[in-house]
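If you're wondering where the values come from, they're calculated on a predicted model, not measured in any experiment. Each chain gets a letter, A, B and so on, in the order the sequences are listed, and its residues count up from 1.
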Protein chains: 2
Amino acid sequence: MLTIKDKTELQRFIKKLRKRSTSEPEIEENVKKILNEVKKNGDKALIKYTKLFDKHSLPLKIEPDEIKKKAKEVSKQVIDALRFASERIRKFHKHQLEKSWQYKEEDITLGQLIRPIERVGAYVPGGKASYPSTVLMNIIPAQVAGVREIAVCVPTPHGQLNPTVCAALHLLGIKEVYRIGGAQAIGAMAYGTQTVKKVDKIVGPGNIYVATAKKLVFGEVDIDMIAGPSEILIIADSSAIPAFVAADMLSQAEHDEMACSVLVTNSEKLAEAVKKEISVQLKSLPKASIAKKSLKNFGAIIVVKSLSEACDVTNEIAPEHLEVMTENPEKLLPLLKNAGAIFLGQWTPEPIGDYVAGPNHTLPTSGTARFFSPLGVYDFLKRSSLIKVGKIGFQKLASYVDVLASLEGLQAHANTVRVRKTT
Amino acid sequence: MLTIKDKTELQRFIKKLRKRSTSEPEIEENVKKILNEVKKNGDKALIKYTKLFDKHSLPLKIEPDEIKKKAKEVSKQVIDALRFASERIRKFHKHQLEKSWQYKEEDITLGQLIRPIERVGAYVPGGKASYPSTVLMNIIPAQVAGVREIAVCVPTPHGQLNPTVCAALHLLGIKEVYRIGGAQAIGAMAYGTQTVKKVDKIVGPGNIYVATAKKLVFGEVDIDMIAGPSEILIIADSSAIPAFVAADMLSQAEHDEMACSVLVTNSEKLAEAVKKEISVQLKSLPKASIAKKSLKNFGAIIVVKSLSEACDVTNEIAPEHLEVMTENPEKLLPLLKNAGAIFLGQWTPEPIGDYVAGPNHTLPTSGTARFFSPLGVYDFLKRSSLIKVGKIGFQKLASYVDVLASLEGLQAHANTVRVRKTT
């Protein structure tokens, strides 16, 4: 793992981080081909690619009964945990609900109608990265927003349904589920096929094929965000407990070899202690080899002079997850501008946010926290402006419309007020 | 202009409308080339393309003094109208401001920090479509959100600054302006060059090159939306005044040959009367030839049996602008789900919304009102989740984290709570 003490090295490291999310032209070409085929041939293309990639030819639609049956394989302990998590997630997301509003001024009414998107498609990864927590985090905000139709696509390699994913879907009352994965699932939801009705927005994480497909269909439908490899950045001072810092860094590192774990500290002593702890804890990790590679490629300890400098570095990296383990973590909040989620204090390890705290675990990666937000209820709402002007209000506004429209050379625009003025 | 009375014809028409926004592979290749060159060569590429497309080699940066001087060429009447408009726009958009929030439950604090994006780039089209209203509509919401740095790119063909655009920029106090246009301007703002500092988000309309470039840099930076040709759909019953309906349809049709004007009515009599009025009003329009072509290609009168059917058709088309000129327009609001902006009653012609009503005139086109919203203050805000758990709160959550992390095979995630439990 890199130890960074100067700015040139820091810039080189940030550049390397950003490059992780660069798309590959070859993958884009493959994905384009699949998308075009789905657009053109519908179900036929879905069946072809499902056979090719997932090695089965089961019906595309998974019946609610199959979901329910498979969900029963899951232990009560897990069901309880999923229920506990879903209730907390629902409670948090209700705070994000927004209401339509309007105001009046004399004869003019202005406002904004805020309403749910009609139909949403959620992608749930299958195979080795099949997570029930993803089901909860992607679907609950849509339900809170009031989305009427939610369709789910999940790949089922060799036709195998994942029981815990089924348990999560069943818990949320989801009835429309398809065993379709990869770019072809994104194409099905974006364009519609004989079996899958076109959606308005696609959400959910996936591998590079899914991410590329989402980017390519953006505009045809809306998408949540383009998610890259996971990241954690921990700001810690000498008060932090090295074993906690190490454990939290490793929890990101185990995700995949492209994941990134960074400690930013003003304490050389802590830096050393965390390094040692990481070596110790690595020994007992089942995914040690992934974590080691991740730390080697994208792990770093950045030693800074002050906590305010730590905040500057953090804002530049704009991490997905940010933990603050300092004596007074709240004090740094006003300085921390770019981060997907902020975890304060030593008793808030990041995985608490992954599962049960309540806020969403779908967060902007690769520095996009500069402009993207966590997935939320607002992602499932859309707005329409509302304008109502009466005859008196019209008199107040008309001459200005005439001046500006004429100025812009749009005579037919000006005519809309002139024709009414003569009435 | 088409008169549509059956569903097959309607579907064909909607399909034709949607196709207007399809991107062309050839343009995409050209734009990619320009973007890559800007990424690689910075200012050098900007200078090259400015010389090629805009035929000048003036410095890239426009000094505030130049803006101020040019703004003085504009009449007091126009300045007054711009000021009147900007005040109304600012007032409306202040209603969209959102505040950070948090709530506590025992030992757990959860919340969301809502803060402005740091640096935004606004594209202002030059040449024949150079509109001061665009300056107001794109920049005021960013200012209301509290964005600290706003950079503007505007092409200046043959080096000519547009006085009214300068007046609008000066009125808003914008100091950072570049004479750069097209795909190269989008590249400059997305990647940064020696002269132009990289931004976090790009907003503003433009031609097909600008729109394609925005789509391609999405992810590297955020963008507002991918805007297509303008659209109006008017729902009207027998109470509507044909001259008003015709004038409002023509105001969209004059925009460009790809613009779309649609009347949906349950009155055959109105349909006939509007057709006649359009022919009459067309005669005195300076942009009659554009309007004629637009109406021929994408104009339609759709005759339906009832106003509720009119709403269904509207929701499927999801128009950018929707006027409702019926006896009781409010009555239809609950049925109208997809539209960028809704104009109620006969005294609210759409151009009032283009200039002075207050709501934004940057609106979702080509059916994207199904999932996109008008440009607003929310486009310039980003959110970070906030989680703080104390030792007692930790005890409440830890075991569930352990269960779910173990279930997902993420042992290092489980370790973050185990290592703390043993403390």
Point to revise | Heavy-atom donor-acceptor pair, A:Gln411 side chain to B:Pro286 backbone, under 3.5 Å | key: no
Review point. For B:Pro116, is it the side chain, the backbone, both or neither that has a heavy atom under 4.5 Å from a heavy atom of chain A?
Key: neither
Study note, to complete from the structure: Applying a strict 4.5 Å limit to non-hydrogen atoms, the region of A:Phe380 in contact with chain B is neither
Review point. For B:Leu397, is it the side chain, the backbone, both or neither that has a heavy atom under 4.5 Å from a heavy atom of chain A?
Key: both
Exercise for review: Could you tell me how the ring of A:Phe84 sits relative to the ring of B:Tyr400: parallel (under 30°), tilted (30 to 60°) or perpendicular (over 60°)?
Suggested key: parallel
Review point. Which answer fits A:Glu220, side chain, backbone, both or neither, if we ask what part of it has an atom under 4.5 Å from a heavy atom of chain B?
Key: backbone
Review point. Does NZ or CZ of B:Arg383 lie under 6.0 Å from the centre of the six-membered ring of A:Tyr378, at an angle within 45° of the ring axis?
Key: yes
Practice item. Check each atom of A:Pro364 against the heavy atoms of chain B and say whether the ones under 4.5 Å are side chain, backbone, both or neither. Key: neither
Revision key, fill the gap. Honestly, the part of B:Leu136 sitting under 4.5 Å from a heavy atom of chain A is neither
Point to revise | Option that, when pairs with chain A are counted at under 4.5 Å, heavy atom only, ranks first among B:Asn338, B:Thr368, B:Leu381 | key: B:Asn338
Practice item. Let me know if B:Lys32 has heavy atoms under 4.5 Å from chain A in its side chain, its backbone, both or neither. Key: side chain
Revision key, fill the gap. Interatomic distance, CG@A:Asn415 vs CD@B:Glu254, rounded to 0.5 Å, equals 8.0 Å
**Study point:** Contacting region of A:Lys214 [heavy-atom separation from chain B under 4.5 Å]
**Key:** neither
Exercise for review: Answer with side chain, backbone, both or neither: which region of A:Arg370 has an atom nearer than 4.5 Å to a non-hydrogen atom of chain B?
Suggested key: both
Check your understanding: What option among B:Ala291, B:Gly345, B:Ser373, B:Gly376 has the most heavy-atom pairs under 4.5 Å with chain A?
Key -> B:Ser373
Point to revise | Interatomic spacing from CG in B:Asn315 to CD in A:Glu118 - rounded to 0.5 Å | key: 7.0 Å
Revision key, fill the gap. Per-residue tally against chain B (heavy atom, under 4.5 Å) across A:Glu350, A:Glu98, A:Gln281, A:Arg119 peaks at A:Glu98
Review point. So do A:Val417 and B:Pro351 actually touch side chain to side chain, heavy atoms under 4.5 Å?
Key: no
Review point. Contact part of B:Ile108 toward chain A, heavy-atom cut-off under 4.5 Å: side chain, backbone, both or neither?
Key: side chain
Check your understanding: What class does the angle between the rings of B:His95 and A:Trp101 fall in, given that below 30° is parallel, 30 to 60° is tilted and above 60° is perpendicular?
Key -> parallel
Exercise for review: Can you measure from CG (A:Asp200) to CZ (B:Phe372) and round to the nearest 0.5 angstrom?
Suggested key: 11.0 Å
Check your understanding: Which bit of B:Val403 is near chain A, if near means a heavy-atom gap under 4.5 Å: side chain, backbone, both or neither?
Key -> side chain
Practice item. Say whether, by atom type as modelled, one donor and one acceptor occur between the side chain of B:Lys215 and the main chain of A:Phe218 under 3.5 angstrom. Key: yes
Exercise for review: Evaluate the side-chain proximity of A:Lys391 to B:Gln346: yes if any heavy-atom separation is below 4.5 Å, no if none is.
Suggested key: no
**Study point:** Spatial distance of atom CG (A:Leu322) from atom CG (B:Leu386) [nearest 0.5 Å]
**Key:** 10.0 Å
**Study point:** Residue among A:Asp222, A:Val356, A:Leu333 with most heavy-atom pairs under 4.5 Å to chain B
**Key:** A:Asp222
Practice item. Against chain A, work out which of B:Ser399, B:Gly340, B:Gly219 has the most heavy-atom pairs shorter than 4.5 Å and name it. Key: B:Gly340
Review point. If you count the non-hydrogen atoms of other residues, nucleotides and ligands that lie under 6.0 Å from CD in B:Gln77, is the total more than 12?
Key: no
Point to revise | Side chain / backbone / both / neither for A:Val245 at chain B, heavy atoms under 4.5 Å | key: neither
Point to revise | Any donor-acceptor N/O pair, A:Thr348 side chain to B:Val389 backbone, under 3.5 Å | key: yes
Review point. Who wins among A:Asp80, A:Val221, A:Leu250 for the most heavy-atom pairs under 4.5 Å with chain B?
Key: A:Val221
Exercise for review: Check each atom of B:Asp354 against the heavy atoms of chain A and say whether the ones under 4.5 Å are side chain, backbone, both or neither.
Suggested key: side chain
Check your understanding: Picking from A:Ala247, A:Gly393, A:Ser385, A:Gly358, which has the most non-hydrogen pairs under 4.5 angstrom with chain B?
Key -> A:Ser385
Exercise for review: Determine whether A:Ile241 and B:Arg420 make a side-chain contact, defined as any pair of heavy atoms from C-beta on separated by less than 4.5 Å.
Suggested key: no
Practice item. Please report the C-alpha distance between B:Lys91 and A:Leu110 in whole Å, then the side-chain angles of each, then the deciding distance to 0.1 Å, and finally whether the side-chain contact (heavy atoms from CB on, under 4.5 Å) criterion is met. Key: CA-CA 11 Å; B:Lys91 184 178 170 190; A:Leu110 300 173; over 6 Å; no
Review point. So which part of B:Leu336 gets closer than 4.5 Å to some heavy atom of chain A, the side chain, the backbone, both or neither?
Key: backbone
Exercise for review: Please flag which part of B:Ala369 lies under 4.5 Å from any non-hydrogen atom of chain A: side chain, backbone, both or neither.
Suggested key: backbone
**Study point:** Per-residue contact mode, A:Ser133 against chain B (heavy atom under 4.5 angstrom)
**Key:** both
Point to revise | Test item: A:Leu410 and B:Tyr131 side chains (from C-beta on) under 4.5 Å apart, heavy atoms | key: yes
Point to revise | Interchain contact, A:Ala85 with chain B, by part (heavy-atom threshold 4.5 Å) | key: side chain
Check your understanding: B:Leu113 and A:Ile342: side-chain contact (heavy atoms from CB on, under 4.5 Å), yes or no, with the steps?
Key -> CA-CA 9 Å; B:Leu113 300 172; A:Ile342 304 174; 3.8 Å; yes
Review point. Backbone N or O of A:Lys337 within a donor-acceptor pair of the B:Lys382 side chain at under 3.5 Å?
Key: yes
Review point. Can you tell which of A:Ala341, A:Ala414, A:Pro349 has the highest number of heavy-atom pairs within less than 4.5 Å of chain B?
Key: A:Pro349
Exercise for review: For chain A, find which of B:Ser75, B:Ser406, B:Gly367, B:Gly390 contributes the most heavy-atom pairs closer than 4.5 angstrom.
Suggested key: B:Gly390
Check your understanding: Checking heavy atoms, do the side chain of A:Asp379, its backbone, both or neither come under 4.5 Å from chain B?
Key -> neither
Practice item. Check each atom of A:Ile352 against the heavy atoms of chain B and say whether the ones under 4.5 Å are side chain, backbone, both or neither. Key: both
Check your understanding: What distance do A:Glu408 atom CD and B:Tyr355 atom OH have between them, rounded to the nearest 0.5 Å?
Key -> 4.0 Å
Check your understanding: Between B:Pro374 and A:Gln112, is any pair of side-chain heavy atoms under 4.5 Å apart?
Key -> yes
Practice item. Would you mind checking which part of A:Leu285 comes under 4.5 Å of any heavy atom in chain B, side chain (CB onward), backbone (N, CA, C, O), both or neither? Key: side chain
